[in-house]
Amino acid sequence: MLDLAAQHAPIHAQLDAALQEVLQEAAFIQGPAVEQFARELGDYLGQAHVIPCGNGTDALQLALMSLQLPAGAEVIVPAFTYVATMEAVAILGLRPVCADVQPDTFSLDPAAVEAAITPRTGAIIAVHLFGQCADLVALQRMAHRYRLALIEDNAQAIGATYAMAEGVTAVAGTVGEVGTTSFFPSKNLGALGDGGALFTRDEARAAYLRQLANHGQTRKYYHEHIGLNSRLDTMQAAVLRVKLRHLPAWTQARQQVAACYDVSLAGLPTLQIPVRDVRSTHVFHQYTVRVAAGQRDALQTFLREQGVPSVVYYPIPTHQQPAYHYLGYQAGQFPVAEELCRTVLSLPIHPCLSHDQQQRVVQAVQSFYQTNGAA
Ligand SMILES: *Cc1c(COP(=O)(O)O)cnc(C)c1O
C-alpha cells in the first residue's frame, strides 16, 4: 500500500544528517528542532500556531482538554472514522455522540450533526477523511449558531485547502478552534515513529495547549493545569523538518496517481471513484473507491491474487466497536457509515508509485470487472 523505503531513499542523506545533528546536540526532549519544525509547519499552514505533541490521538485529547467542557458533555463525532477520534472523547469522560456521514465525501453530514445537537453538546469533531475536507462552511456555520467548538481532525489531510467563500481559501485544520494532526509514519507527513501536532489561530489557546502538552507546566516545576506528557521527540522533529520540505511535491505526486486512477477507473459500471468536493483540494491520503455491495471482498481477493494490495478503511463503524457498546447504539442507526464499511476499498497510493505499478493496479481492477461484469 505504502512504500516508505522508496520514499526515504532519495532523502536518505538529508535524514541521516538531521539525525546526526540531534545525536551530537543531545537535546532529545524539546530540542531546537521542535520549535523550528513548529514554525515551519505553521508557515506552511498559512501562519497558524503549531503545537507539537506525542501523537495524533494525544492531539485530539489535548484539543478537547483545552475546551474545558463540563464532565459528561457531548461531543459529536463521525460514525465513519478511525477510532481515535471517538477514543479521545471517551477517555476524558465526555460522551461521544455519533453522526452519520455523507455517502460521496465520507465526511460528517451537516444535517445529521444538527439533528444530534442537544443542550449538552459542547463540540463537533470534523474529520477530513482520506485527504479531503469535510463541509467546513456548513460545519463552521452550525458551530457558530449553536455556540459549539469545532475541532478538525486533520490527520489525513495535511495541506488540503477549502474554499470558504468567493476568494476566501482556508487551510484544513486552521478553520475550527483547534485542528489536530498525526505524524504516524504512514500519514502524508510521517515521522520515523509517533508524532502529532495541534493547530490554532488563537495565541492564548496556543499557549494553553503548549502547557497542557507538557504537564500543565507554566514554568519549570510549576504546574497550573493537569496536563499530559505528550511531546514531539527532537529526533522526530528533525526528521519532519526534512520531510516537510518535500511535502508539496509528494502531495502533487499523490494527486497525479489519483488522476491516473480516475481516468482509468471512471467507466467501470458499479465502481465509484472518489467523489471530489469542488470546494476542497484532495491530498489523497487514501484513494478509496466504493464497490457494489457483495462484490467488495471478491475484488479484494482478486487483487491480492494479482499481487495488488488493498485495504478496507474502515471495516467497522465507530458506533459498532465493542468498546463503545455502552453508548447504546444499534445496527442500522447510521446507515451510510454502515454501508461504507461494507463497500469501501482503498487502492495503493503513495508519492513513489511508479507508472508501471499504477498500471498494474488499474489493469487488475479492470480485469476483475471484465471477468465479473456488472453486479
Ligand atoms: C492516524 C489518525 C489518528 C491518530 O493518530 P496517531 O498519531 O496514530 O495517534 C486520528 N485520527 C485520524 C483520522 C487518523 O487517521
Side-chain angles (χ1 to χ4, degrees), residues 1-2 4 37 41 50-65 75-92 96 98-99 101-102 105-108 123-134 136 139 150-160 172-173 176 178-199 209 213 228-233 235-237 239-240 243 254 280 282-288 311-319 321 323-324 337 340-341 344 346 349-350:
M1 284 296 286
L2 175 75
L4 283 174
F37 169 64
L41 182 58
V50 170
I51 302 94
C53 68
N55 58 69
T57 309
D58 280 2
L60 284 162
Q61 188 176 334
L62 289 160
L64 288 161
M65 286 164 73
V75 177
I76 297 172
V77 298
F80 186 67
T81 178
Y82 182 56
V83 72
T85 316
M86 178 126 155
E87 194 177 31
V89 177
I91 202 82
L92 288 171
C98 292
V101 295
Q102 296 182 308
T105 61
F106 311 147
S107 292
L108 267 182
I124 302 167
I125 307 182
V127 180
H128 304 316
L129 204 67
F130 302 149
Q132 181 166 245
C133 296
L136 278 169
L139 292 171
L150 178 63
I151 295 175
E152 298 173 74
D153 179 347
N154 198 30
Q156 300 189 6
I158 196 150
V178 197
T180 67
T181 200
S182 162
F183 306 121
F184 186 84
S186 66
K187 308 290 185 186
N188 286 26
L189 179 60
L192 304 182
D194 278 311
L198 298 116
F199 316 143
L209 286 167
L228 297 184
N229 173 8
S230 184
R231 296 169 300 219
L232 183 68
D233 289 344
M235 274 202 297
Q236 300 303 349
V239 163
L240 288 165
K243 289 184 139 195
R254 285 175 181 272
S280 182
H282 199 321
V283 299
F284 284 99
H285 176 59
Q286 298 297 341
Y287 186 94
T288 304
V311 178
V312 175
Y313 299 113
Y314 297 95
I316 302 173
T318 48
H319 68 285
Q321 293 287 355
Y324 299 97
L340 290 176
C341 290
V344 289
S346 296
I349 191 161
H350 62 83

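Each ligand, and each atom within it, is numbered from 1 in the order the structure gives. All figures in this text were calculated on a predicted structure; none of them were measured in a lab.
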Look at the side chain of Asn55 and the backbone N and O of Thr57, then say whether any donor-acceptor pair between them is shorter than 3.5 Å.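 Yes, the answer is positive, given that a donor and an acceptor are paired below the 3.5 Å cut-off.
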Check the orientation of Tyr314 and Tyr82. Use parallel for under 30°, tilted for 30 to 60°, and perpendicular for over 60°.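 Rings of Tyr314 and Tyr82: tilted, as their planes differ by 30° to 60°.
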Determine the interplanar angle of the Phe106 and Phe80 rings, folded into 0 to 90°, and report it as parallel if under 30°, tilted if 30 to 60°, perpendicular if over 60°.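 The rings of Phe106 and Phe80 stand perpendicular, inter-plane angle above 60°.
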Taking ring-ring contact (aromatic ring centres under 6.0 Å, His included) as the definition, give me every residue that meets it alongside Tyr324, ordered by chain and number, with sequence neighbours left out.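 For Tyr324 there are no ring-ring contact (aromatic ring centres under 6.0 Å, His included) partners, ignoring immediate neighbours.
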Go through the structure and list residues passing ring-ring contact (aromatic ring centres under 6.0 Å, His included) with His319, not counting sequence neighbours.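 Phe334.
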Dump the pairs for me: ligand 1 N or O, protein N or O, distance under 3.5 Å, to 0.1 Å.
{"residue": "ligand 1", "atom": "5 (O)", "partner": "Ser182", "partner atom": "OG", "Å": "3.3"}
{"residue": "ligand 1", "atom": "7 (O)", "partner": "Gly56", "partner atom": "N", "Å": "2.7"}
{"residue": "ligand 1", "atom": "7 (O)", "partner": "Ser182", "partner atom": "OG", "Å": "2.6"}
{"residue": "ligand 1", "atom": "9 (O)", "partner": "Asn55", "partner atom": "OD1", "Å": "3.4"}
{"residue": "ligand 1", "atom": "9 (O)", "partner": "Gly56", "partner atom": "N", "Å": "3.3"}
{"residue": "ligand 1", "atom": "9 (O)", "partner": "Thr57", "partner atom": "N", "Å": "2.8"}
{"residue": "ligand 1", "atom": "9 (O)", "partner": "Thr57", "partner atom": "OG1", "Å": "2.5"}
{"residue": "ligand 1", "atom": "11 (N)", "partner": "Asp153", "partner atom": "OD1", "Å": "3.3"}
{"residue": "ligand 1", "atom": "11 (N)", "partner": "Asp153", "partner atom": "OD2", "Å": "2.7"}
{"residue": "ligand 1", "atom": "15 (O)", "partner": "Gln156", "partner atom": "NE2", "Å": "2.8"}
{"residue": "ligand 1", "atom": "15 (O)", "partner": "Lys187", "partner atom": "NZ", "Å": "2.6"}

Of all residues at least two apart in sequence or in a different chain, which pass the side chain to side chain donor-acceptor pair (under 3.5 Å) check with Asp153?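 Partners of Asp153 by the side chain to side chain donor-acceptor pair (under 3.5 Å) criterion, ordered by chain and then number, come out as Thr85.
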